[in-house]
Amino acid sequence: MQRYSGFGLFKHSLSHHENWQRMWRTPTPKKVYDVVIVGGGGHGLATAYYLAKEHGITNVAVVEKGWLGGGNTARNTTIVRSNYLWDESAHLYEHAMKLWEGLSQDLNYNVMFSQRGVYNLCHTLQDIRDSERRVSANRLNGVDGELLNAKQVADEIPYLDCSKNTRYPVMGATVQRRGGVARHDAVAWGFARAADALGVDLIQQTEVIGFRKENGVCIGVETSKGFIGAKRVGVVTAGNSGHMAKLAGFRLPIESHPLQALVSEPIKPIIDSVIMSNAVHGYISQSDKGDLVIGAGIDGYNGYGQRGSYPVIEHTIQAIVEMFPVLSRVRMNRQWGGIVDTTPDACPIISKTPVPNLFFNCGWGTGGFKATPGSGNVFAASLAKGEMHPLAAPFSIDRFHTGALIDEHGAAAVAQVSGRRVHPARQRDPGGEPGAGVRCWRARCAADRQDLKATGENLASR
Ligand code: FAD
Ligand code: PYC
């Protein structure tokens, strides 16, 4: 791999930057690999990189149906923080944070990690109580966090409307000063380049359409370009994970939802941190280019289209203008959606599956970008050893059977459930009789419970 450096930049300027090496190869797939990773997003690429770098396993392929980083990795709003409530998640996200802090040097690629601070606003007494609890829990876990009062917030975020006559007056905020943002596509490219340099094959435009099993054990993947054999397969396909599990013959407790983001026209720098509000429900930061980067919660319906509905955009913009009236006349330039994979406890699934040699890493929902290096690091160790890394172990699919859920809906900071869900009792099949919805719902719940029980028993017996 050609190392990047100031000297290299100067040298290439002498030949008009026409002789830079390609960042990765376009290899022909081999017949068989030690490990095949399905999904070339940040998590899949990071997994491949750490497999090669930390475990010496270089006979690895990443199979991606589109282009590297084209999924949620390059569609997200790049917020990085580790201030989760429960020990299991705090340890996992803090592991990722420590890797972020040395990532550009490690990859020899500038991922533009900027620790500019992440604020979560408090608008009610209950917000303050929850935030006190979270900051205390964070500190006990070695994660930095502070609780600010309203005056401190007003001093630190000058354009935020901290007046008393707003719908939800700002009463304080938590801040994680080591939190911030990173350049999302650079993260994918940095991992891809470094993995390729260690011998990993990055195979794009190749869709995995099935899993081949022998005596119930996974022995490789069927792809749109033929069969690729593998000793172990790791699936890291975010919003497509439910579909991939179905291909493998089991079900996951995952819902796929659109999550939208939008950016404004570039304006002069006025916001030098990340500001999130759960009550008003919107968040904002400003990119180095000057665009305001804005988002809110999921679109309530399930879907696989990488776009969303207009009411959510309207709600998001209302929230931002409520927090920052000074922005009311800024024009929005672009809007898009990604497909996020939400779980009942807003925590990821990093796990063995009922199919031996087939592992899944998914369920990161609205919050997996921040975990990218940590997720790849622990998943690589799990794939290398065939046993889950201690930081990954609590995130087994088993927990939906045992009940050991890790409820992080509060720390997720972005709503992962819709407030507009139709109560099952009100649901009707189109043209069906009243009450059919309830019966249908009950039948589905019973089927789900059976599936999860079977999955749990299967795992427990291995
Ligand atoms: P992806 O990047 O989606 O990669 C999965 C890959 O799998 C895709 O490239 C896809 O093409 C590929 N794939 C799928 N099916 C197949 C198949 N059959 N064969 C081969 N390849 C396949 N998180 C944060 O921490 N902070 C944020 O600020 C934040 N903001 C967000 C804002 C938005 C609008 C969205 C949509 C998400 C946000 N997230 C955020 C969540 C974050 O983006 C994701 O959790 C994270 O990027 C997931 O990474 P990944 O590598 O697992 O998935
Ligand atoms: O997890 O912090 C987060 C986040 C912010 C926006 C989307 N996800």
Side-chain angles (χ1 to χ4, degrees), residues 36-47 62-84 93 96 100 118 120 176 179-182 184-185 187-188 191 203-211 221-225 234-244 247 256-263 274-276 278 282-285 293-299 304 306-308 312 316 335-342 346 348 350 360-372 374-376 379 408 411-416:
V36 164
I37 307 290
V38 185
H43 289 227
L45 293 165
T47 306
V62 177
V63 183
E64 164 57 48
K65 71 173 174 180
W67 62 95
L68 301 179
N72 290 344
T73 294
R75 292 166 184 273
N76 75 82
T77 43
T78 77
I79 299 173
V80 175
R81 56 188 176 85
S82 58
N83 53 357
Y84 280 70
Y93 287 101
W100 279 113
V118 176
N120 287 90
Q176 184 181 18
V181 291
H184 46 21
D185 37 19
V187 174
F191 274 119
I203 301 164
Q204 302 184 67
Q205 307 294 337
T206 306
E207 181 170 0
V208 169
I209 51 175
F211 297 91
V221 292
E222 308 287 355
T223 80
S224 51
K225 295 188 181 155
V235 177
V236 202
T237 52
N240 286 284
S241 302
H243 174 59
M244 299 309 289
L247 292 177
S256 292
H257 287 269
L259 177 67
Q260 305 193 53
L262 48 161
V263 290
V274 179
I275 300 125
M276 312 182 73
N278 243 351
Y283 63 87
I284 186 165
S285 66
V293 182
I294 292 170
I298 58 165
D299 278 47
Y304 288 95
Q306 287 169 316
R307 55 182 183 273
V312 172
T316 306
Q335 164 276 346
W336 65 89
I339 303 306
V340 295
D341 40 342
T342 63
I350 316 173
F360 266 61
N361 181 352
C362 57
W364 292 94
T366 60
F369 178 69
K370 67 175 80 62
T372 305
S375 156
F379 199 45
E408 287 289 4
V414 169
Q416 298 212 18

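The figures that follow rest on heavy atoms only: side chains count, while hydrogens, waters and symmetry mates do not. We count ligands from 1, going down the list as the structure has it; atoms in each ligand are counted the same way.
Closest to atom 45 (O) of ligand 1 among all protein heavy atoms lies G368 N, 2.9 Å. Scanning all protein heavy atoms for the shortest distance to atom 19 (N) of ligand 1 gives V208 N, 3.0 Å. In terms of protein heavy-atom proximity, atom 13 (N) of ligand 1 is closest to T237 CG2, 3.8 Å. Protein heavy atom in closest approach to atom 14 (C) of ligand 1: N240 ND2, 3.4 Å. Ranking protein heavy atoms by distance to atom 6 (C) of ligand 1, first place goes to E64 OE1, 3.5 Å. In this structure, the protein non-hydrogen atom closest to atom 53 (O) of ligand 1 is A238 CB, 3.3 Å. For atom 2 (O) of ligand 1, the nearest protein heavy atom (residue, atom name, distance) is T73 OG1, 2.6 Å. Among protein heavy atoms, the minimum distance from atom 35 (C) of ligand 1 is reached at L259 CD2, 3.4 Å.
Rounding to the nearest 0.5 Å places OG1 of T77 at 2.5 Å from OH of Y283. With rounding to the nearest 0.5 angstrom, the CZ atom of R75 is 11.5 Å from the CG atom of L259. Here N76 contributes atom CG and T366 contributes atom OG1; the two are 10.5 Å apart, rounded to the nearest 0.5 Å.
Counting heavy atoms from C-beta on, the side chains of E207 and T223 never come closer than 4.5 Å.
The closest non-hydrogen atom to atom 26 (N) of ligand 1, taken over V63, I79, L262, comes from I79. The option with the heavy atom closest to atom 4 (O) of ligand 1, from among G41, G66, G338, G39, is G41. Compare Q335, K65, H43 by their heavy atoms: the one nearest to atom 22 (C) of ligand 1 is in K65. Across N72, V221, T366, heavy-atom proximity to atom 39 (N) of ligand 1 is greatest for T366. Taking all heavy atoms of F379, Y283, F369 into account, the minimum distance to atom 42 (C) of ligand 1 is reached by F369.
Against a heavy-atom cut-off of under 4.0 Å, M276 is close to the following atoms of ligand 2: 2 (O), 5 (C). Close approach of ligand 2 to V414 (heavy-atom distance below 4.0 Å) involves ligand atoms 4 (C), 5 (C), 6 (C), 7 (C), 8 (N). When each atom of ligand 2 is checked for a heavy atom of I79 under 4.0 Å away, the hits are 2 (O), 5 (C), 6 (C). Within ligand 2, the atoms closer than 4.0 Å to a non-hydrogen atom of T366 are 1 (O), 4 (C), 7 (C), 8 (N), numbered from 1 in the order shown. Remark: ligand 2 atoms within the under-4.0 Å shell around heavy atoms of A412 are 1 (O). Close approach of ligand 2 to K370 (heavy-atom distance below 4.0 Å) involves ligand atoms 1 (O), 2 (O), 3 (C). Proximity to G367 (heavy-atom distance under 4.0 Å) selects the following atoms of ligand 2: 1 (O).
With a 4.0 Å heavy-atom cut-off, ligand 2 is reached by the side chain of Y283 but not by its N, CA, C or O. Contacts between T78 and ligand 1 below 4.0 angstrom, taking non-hydrogen atoms only, involve the backbone exclusively.
Residues N361 and T47 bring no donor and acceptor atom of their side chains to less than 3.5 Å of each other. Checking Q176 against S82 by side-chain atom types alone, a donor-acceptor pair falls below 3.5 Å. Looking only at atom types and distance, the side chain of S375 has a donor-acceptor partner in the side chain of H43 under 3.5 Å away.
Using a 4.0 Å cutoff on heavy atoms, G42 counts as a contact of ligand 1. The shortest heavy-atom distance from H243 to ligand 1 is not under 4.0 Å. Within the structure, the closest approach of A188 to ligand 1 does not fall below 4.0 Å when heavy atoms are considered.
Between K370 and ligand 1, at least one pair of N/O atoms sits closer than 3.5 Å. By the 3.5 Å distance cut-off applied to N or O atoms, G40 is not counted among the residues near ligand 1.
Across V208, I37, V235, a single residue satisfies side-chain contact (heavy atoms from CB on, under 4.5 Å) together with V221, and that is V208.
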Item to check | Intermediate values then yes/no, side chain to side chain contact (heavy atoms under 4.5 Å, CB included), W100 and V187 | outcome: CA-CA 10 Å; W100 279 113; V187 174; 3.7 Å; yes
